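Since the structure comes first, as structure tokens, the remarks are kept for the end.
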Number of protein chains: 2
Amino acid sequence: MFETLYDAKSIAIVGASLDRQKIGNAVMENLVKEGYGGRILPVNPSHDEIMGFKCFKSVEELPQEVDLAIIALPARAAMNALDQCVRKSVRFVVLIAGGFSETGDEGRELELQIRNRIAGTDTRVIGPNTVGVLFPPSRINTALTPWERIFYPGKGEVAFISQSGALGLLVMDSITEFGMGISGFVNIGNRVDISEIDMLELFYSDSTTRSIVLYLESISDGQKFFDTLKKVNPVKPVVVLKTGRSDESSRAASFHTGAMASDDRVFDGVLRQVGVIRAYDETELLDYGKVLAYQKPPAGNRIAVVTTAGGVGVVTTDALTFSANGDGMRMATLSEEEKNELRKYVLPFASVNNPVDLTADGSGEAYESILNILARSENVDGIIAYALPQTPKIDMGIVPSLANTSKLKPLVVGSIGNKLAKPILSKLEESRVPAYPSIERAVKAMRALNRYGEYLRREQVAN
Amino acid sequence: MFETLYDAKSIAIVGASLDRQKIGNAVMENLVKEGYGGRILPVNPSHDEIMGFKCFKSVEELPQEVDLAIIALPARAAMNALDQCVRKSVRFVVLIAGGFSETGDEGRELELQIRNRIAGTDTRVIGPNTVGVLFPPSRINTALTPWERIFYPGKGEVAFISQSGALGLLVMDSITEFGMGISGFVNIGNRVDISEIDMLELFYSDSTTRSIVLYLESISDGQKFFDTLKKVNPVKPVVVLKTGRSDESSRAASFHTGAMASDDRVFDGVLRQVGVIRAYDETELLDYGKVLAYQKPPAGNRIAVVTTAGGVGVVTTDALTFSANGDGMRMATLSEEEKNELRKYVLPFASVNNPVDLTADGSGEAYESILNILARSENVDGIIAYALPQTPKIDMGIVPSLANTSKLKPLVVGSIGNKLAKPILSKLEESRVPAYPSIERAVKAMRALNRYGEYLRREQVAN
């Protein structure tokens with residue numbers, strides 16, 4: 001049923017405006033700029049036309065079967081527009097306005113009214129207190145932040161469900177740095193109707209999504225959430241950033257989206273039981289979503305590390321074998337035969353123990369040969385390879401080698417630097433190789449992948 | 001005595017070359033491009049002139065009193081050149097070549113020879129197995145990686161001592177992203193003579209350095225290291241990234257720089273005793289160095305958080321109050337008077353509890369007023385403020401407000417995003433406001449600052 005939302009053929013903008021100070025202006029402009037190809041139906045009693053589109057005087061005047069209506073009006077006016085949308089059987093409504101439960105009793109009363117008005121009707125509501133949705137595959141963008149302020153990501157395979165709108169927009173802007181895309185973004189806001197559970201169902205069903213990440217300050221329905229994760233996670237890995245770990249942050253959250261927090265330890269136990277990876281900040285959230293979308297999990301926990309800078313190998317070994325970063329992973333032990341094979345491609349004094357260090361002399365060809373040996377090794381379950389631009393013989397040419405390796409064995413790429421490192425990371429992103437601009441982020445991504453693999457194996461044994 | 005190194009007036013390049021495949025070519029070009037204003041003295045028997053500079057046939061032919069000689073020759077040839085430098089009383093020699101203790105017994109023997117040859121002479125050696133030094137204030141750059149591959153940082157206040165050359169270069173390239181500079185970089189390499197202790201002395205004495213960060217795989221002399229840190233850290237805060245935390249990574253390190261690792265728990269205890277902050281990856285290392293160079297530590301652990309995005313405030317509260325990230329810090333409790341004051345600058349429903357949330361409506365003026373209230377508050381020891389570009393009224397204009405606040409009270413700025421977030425971070429860097437592109441990095445930086453403050457207070461009580 002959520003396909004109508006994800007692939008809406010007609011979108012009404014109630015409160016569309018020519019006034020650049022009005023939200024209805026930014027929303028309409030974003031939708032047009034996104035290149036949305038369906039019907040755009042601005043609603044505003046004072047205009048005949050907005051941005052070249054025929055403007056309707058009221059919701060009542062709209063044509064039949066509107067898939068999605070974005071109500072860009074203040075809370076009280078939005079309530080009237082919602083009534084009209086219900087009468088018109090508009091399928092989905094995005095209620096942008098704040099001023100509901102997050103502001104106190106009066107707002108809570110308004111939310112109750114929304115629930116009553118849509119109960120038993122054909123209309124489903126996203127929000128209120130939301131920036132709406134972004135569905136790059138259907139070029140739908142209902143967000144209100146103009147393109148001058150942030151970059152919106154293009155089409156990708158990671159779905160993003162967020163209780164917070166601003167955090168969602170900022171994180172999306174962040175991931176554009178290396179060109180990462182999303183399959184969809186939904187800001188559930190105050191979640192008066194459509195919840196994280198509904199949106200998990202949406203992205204579970206759609207064919208573009210390969211992993212799902214959630215930012216939550218509270219859970220709408222614990223049991224249903226658990227049941228849904230249990231169904232979704234084995235097929236499409238889920239990552240959750242859930243705040244309110246302490247009393248102080250729960251209090252902060254209640255001011256923000258009117259959320260009521262549950263006991264964090266209970267929540268943590270539930271996530272472990274269903275094998276869902278937990279993130280603790282916005283960087284981890286999307287980093288883990290990316291690795292889980294781009295790579296199959298390793299069959300075991302033995303990791304090989306390839307580097308052209310010794311120190312980077314040492315720090316990685318530390319992170320993998322000592323700290324919580326590498327939790328559950330260990331350094332692969334290579335056979336003497338494999339080491340002899342590797343020696344052909346490195347200087348006499350370079351290390352062919354794991355980490356394999358090509359040193360400053362390493363060429364793209366040697367790098368490729370080493371990746372091939374590790375990809376075929378029965379002693380290696382996963383590879384962390386570094387793309388480091390400081391040496392004379394390593395350049396963009398290693399990207400295809402890394403992309404090929406990632407098809408043979410779970411691979412995560414790390415890099416450090418700016419001038420050439422960033423273009424290499426962007427190129428790797430194009431090839432859907434999970435790549436990260438620091439040692440820690442690369443190691444943590446492999447850990448998330450490994451944990452998901454452990455969960456799948458546990459599930460297999462249980463079934 | 002290390003001033004002669006830091007401010008060398010004449011630099012010889014032994015093995016300077018016109019052949020772009022040779023290290024002596026890149027080294028010379030880097031020095032010229034850096035804009036070094038002292039005497040550049042290329043040494044090569046086959047040329048009369050290199051890059052417009054008079055070329056000397058041998059070290060013997062060099063003028064008297066060469067402050068620094070960079071020997072860009074392979075190991076065995078480098079040994080001869082070193083002998084000549086010693087006879088010529090060259091003050092400092094950078095031995096670039098690898099092929100020493102990191103390759104086995106033969107190399108160890110060569111290092112012993114170096115020690116013997118310089119014992120009792122005027123010559124001090126950096127390396128071997130080093131990319132040398134970068135001193136932006138004197139425009140000295142002996143590194144061999146060409147400018148086409150990485151960006152070298154400009155002048156700043158953080159000194160960087162690294163056992164690994166490649167890791168050092170890559171990290172320096174990284175920090176150029178937002179324009180961070182350094183007061184100096186020294187790659188001690190195999191550390192046959194000049195050690196991390198000597199370089200701590202150098203940066204302790206120079207007037208530009210305000211904090212010192214070290215990447216180490218082993219310690220040259222435990223007792224001396226401890227004594228030096230004890231002297232340096234109260235004046236110029238020190239951050240250490242020390243690898244070899246596990247047996248496996250110690251093994252990796254021994255292949256890399258021939259280092260012998262000591263027990264990590266002992267090392268950790270020593271650092272705690274002298275109040276030195278420990279970093280666990282390359283990002284933390286420079287993040288902590290930056291905050292300690294740019295900001296005085298807070299007088300206590302009560303932190304206020306300012307945001308224009310509720311979710312960002314919630315995640316920050318979590319990190320501060322629950323996880324190890326915020327270890328030792330707590331959320332400041334504002335007085336009713338202060339809250340009433342704050343209410344003047346936010347919408348009626350926005351939170352003036354800590355975190356203070358300006359919401360999407362927040363303007364630069366309101367932001368500034370709120371910062372002023374918090375900077376003056378006796379209930380607040382430090383401020384984490386977010387510069388988030390998603391809302392219509394926040395832009396580059398908040399940078400001066402943040403810079404002013406940072407002079408009144410310890411401040412760390414966080415941001416998330418790409419399009420406007422990155423220019424804002426660069427602008428903050430120009431004003432020496434410690435700013436970071438993620439919640440986690442901002443919170444961890446404030447934690448490092450808080451820990452350093454705790455150490456200083458502990459020291460004061462003890463003395």
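What you are looking at is a predicted structure, and each value in this text was computed from that prediction instead of being measured. Proteins get letters first, then strands, A, B, ... in listed order; numbering begins at 1 in each.
In this structure, chain B has heavy atoms under 4.5 Å from both the backbone and the side chain of A:E177. Residue contact with chain A, scored on non-hydrogen atoms closer than 4.5 Å, is absent for B:S162. The part of A:P392 that comes within reach of chain B is its backbone (N, CA, C, O), which places non-hydrogen atoms under 4.5 angstrom from that chain. With a 4.5 Å cut-off on non-hydrogen atoms, A:E148 touches chain B through its backbone but not through its side chain. Heavy atoms of A:T307 lying under 4.5 Å from chain B are absent altogether. For B:T283, the part lying under 4.5 angstrom from a heavy atom of chain A is the side chain only.
Atom CG of B:L241 and atom CG of A:D318 lie 8.0 Å apart (nearest 0.5 Å). Between the CD1 atom of A:I150 and the OG1 atom of B:T391 there is a distance of 11.0 Å, given to the nearest 0.5 Å.
Most heavy-atom pairs under 4.5 Å with chain B, from the set A:N418, A:T359, A:L347: that is A:N418. For chain B, the option among A:A166, A:S174, A:P437 with the highest count of heavy-atom pairs below 4.5 Å is A:S174. Of the listed residues (A:T308, A:L169, A:I439), the greatest number of heavy-atom pairs within a distance under 4.5 Å of chain B belongs to A:I439. Taking A:I175, A:T316, A:I394 one by one and counting their heavy-atom pairs under 4.5 Å with chain B, the maximum is reached by A:I394. Heavy-atom pairs under 4.5 Å with chain A peak, among B:P146, B:S438, B:S415, B:G417, at B:G417. Of the listed residues (B:V131, B:T103, B:L170, B:L167), the one with the most heavy-atom contacts under 4.5 Å to chain A is B:L170. When A:M172, A:E440, A:R441, A:E282 are compared by the number of non-hydrogen pairs under 4.5 Å with chain B, A:E282 comes out ahead.
With a 4.5 Å cut-off on side-chain heavy atoms, A:R149 and B:D395 count as touching.
Panel note: side chain A:Q390, backbone B:T145; no donor-acceptor pair is recorded below 3.5 Å. With hydrogens and angles disregarded, no donor-acceptor distance shorter than 3.5 Å links the side chain of A:K419 to the backbone of B:Y152.
In this structure, B:I23 places its CD1 atom where only 12 or fewer heavy-atom neighbours from other residues, nucleotides or ligands lie under 6.0 Å away.
Shortest non-hydrogen contact noted between A:V315 and B:Y215 is CG2-CE1, 3.6 Å. Scanning all heavy atoms of the two residues, the minimum distance from B:V314 to A:T243 falls at CG1-OG1, 3.2 Å.
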